[in-house]
Colleague: 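Please find one structure pasted underneath; my questions will follow.
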Amino acid sequence: MSGNNYQLVCGLEIHSELKTKSKMFCACKNDPFAAGKPNIHTCPVCLGMPGGLPLANKKAIEWTIKIGLALNCQINLFSKFDRKNYFYPDLPKGYQISQHDIPFCHDGFLDTSQGRVRIQRIHLEEDTAKLIHQNNYTLIDFNRSGVPLVEIVTETDIKNAQQAKEYAQKLRQILRYLDVADCDMEKGGMRLEANISLKKKTDPDGFLPNYKVECKNINSFRFMEMAINYEMERQAKLLDQGQTPKQETRGFSAESGKTFSQRAKEEAEDYRYFPDPDLPPIEFEPAEIAQIKQELVELPDQYAARLSEEHQLSLDLAQRLVKNKKRAEFFEQLLILAKREKIESKKIINTLLNKKIDYHLSDDPKNTIEEYKKLNELEEMSPEIITELIKELLQENQDVVEKYQSGKTEVLAFLIGQSMKKIAKKVDVNLVKKVLLDQLNN
Ligand SMILES: [Zn+2]
């Protein structure tokens with residue numbers, strides 16, 4: 001296949017709505033998904049009416065910096081909001097408030113199993129209204145207009161579709177751990193965009209092709225993976241024919257599994273950015289950033305590493321326990337209790353992961369430990385317990401023991417039968433016989 005001659009050059013731009021109580025620049029409720037009715041959480045500011053004055057949401061700014069710190073970014077102590085001018089029906093002001101040349105965060109990274117993905121920048125902006133296309137008309141819902149939206153932009157470090165998927169999934173996991181975003185992909189709370197081009201394998205590191213295809217508004221990790229793989233094949237074919245793929249924006253159709261052209265983009269658009277005169281620049285003291293850093297929760301990779309070390313689990317296994325914070329906390333409680341009860345951590349975790357016990361993350365881990373103990377007693381009765389039970393039996397049958405010890409060894413069969421009855425569980429009869437003989441000849 002021709003694709004073997006080429007190397008993917010890919011960066012991701014991921015948008016995520018923040019779940020602050022109010023919108024980015026007004027006091028309207030930030031609740032676009034559960035609003036019940038369209039256009040109820042609106043005011044002159046988020047409807048773009050003349051005279052509406054924006055006021056920046058402090059929480060949203062702090063959360064953006066928190067995201068930046070979690071992604072190992074540098075933080076700009078001086079920053080500002082800019083107007084990005086363009087016209088579209090979902091943008092009544094005729095411009096979007098965004099950040100142009102001084103984003104809150106820059107130069108970070110996120111590690112994946114296939115290597116480091118550098119993060120170029122993280123900026124904060126406002127979401128647009130939602131367009132709902134009906135048969136022959138379009139409705140606009142302004143409940144979403146002005147919802148805080150972070151955009152996280154990577155460098156072109158992504159080597160294949162699988163790594164793109166892993167990066168995006170890890171990013172969602174971190175945003176959820178930080179408790180700043182729900183990242184509901186189906187509802188559009190998190191939106192994926194992949195910039196895709198190919199270079200020759202012989203091209204040097206850092207070489208950028210002279211074209212770029214943007215696949216926009218992808219709402220599932222799997223679709224993004226499919227879109228990248230499809231584009232790699234499509235572009236390789238064109239390159240093999242001596243053509244340069246068109247610089248354009250493409251959508252992805254889940255039905256066909258293919259990308260399709262949406263609009264050509266021969267030149268970079270000119271949004272005529274300028275600082276928003278209604279919003280003063282934002283300045284931070286280093287101590288304020290240090291404070292936010294101090295308040296950061298333990299992130300999934302650190303959490304997994306700690307569980308692995310404290311409870312002698314492989315890192316792989318620990319990583320399966322920390323998919324989300326609630327799950328991580330449940331398993332950590334369980335592991336602490338297991339340690340106290342001298343239950344081997346790997347054993348109980350595997351029992352749960354293999355679904356041999358029915359458990360829910362809302363359960364009290366104490367009950368789960370009890371369930372595990374019960375299951376274990378049934379499955380493997382320890383030799384110590386068997387010995388205890390047999391000792392008891394012999395005490396109750398002193399006369400038989402005496403008979404045996406005076407040479408009537410045929411009573412052994414009777415004692416084995418009685419022992420099996422007393423143990424009342426499926427155990428190895430040879431083990432019972434051995435324990436009995438040990439006790440009798442003692
Ligand atoms: Zn409003």
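Start at 1 with the first residue, then count along the sequence. Just follow the structure's listing: the first ligand is 1, and inside any ligand the first atom is 1.
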Colleague: What distance separates F104 CZ from F81 CZ, expressed to the nearest 0.5 Å?
Modeller: 4.0 Å
Colleague: Step through the shown structure and confirm whether more than 12 heavy atoms of other residues, nucleotides or ligands are within 6.0 Å of CD on Q243.
Modeller: yes
Colleague: Do we get K170 above Y167's six-membered ring, with its NZ or CZ under 6.0 Å from the centre and within 45° of the axis?
Modeller: no
Colleague: Establish, for the pair R306 and Y303, whether the NZ or CZ atom is under 6.0 angstrom from the six-membered ring centre and no further than 45 degrees off its axis.
Modeller: yes
Colleague: Look up atom OH in Y230 and atom SG in C215, then write down how far apart they are to the nearest 0.5 Å.
Modeller: 10.0 Å
Colleague: Under 2.8 Å from the Zn ion (ligand 1), which protein N/O/S atoms are there?
Modeller: C26 SG, C28 SG, C43 SG, C46 SG
Colleague: Under 3.5 Å, is there a donor-acceptor pair linking the side chains of Y211 and Q235?
Modeller: yes
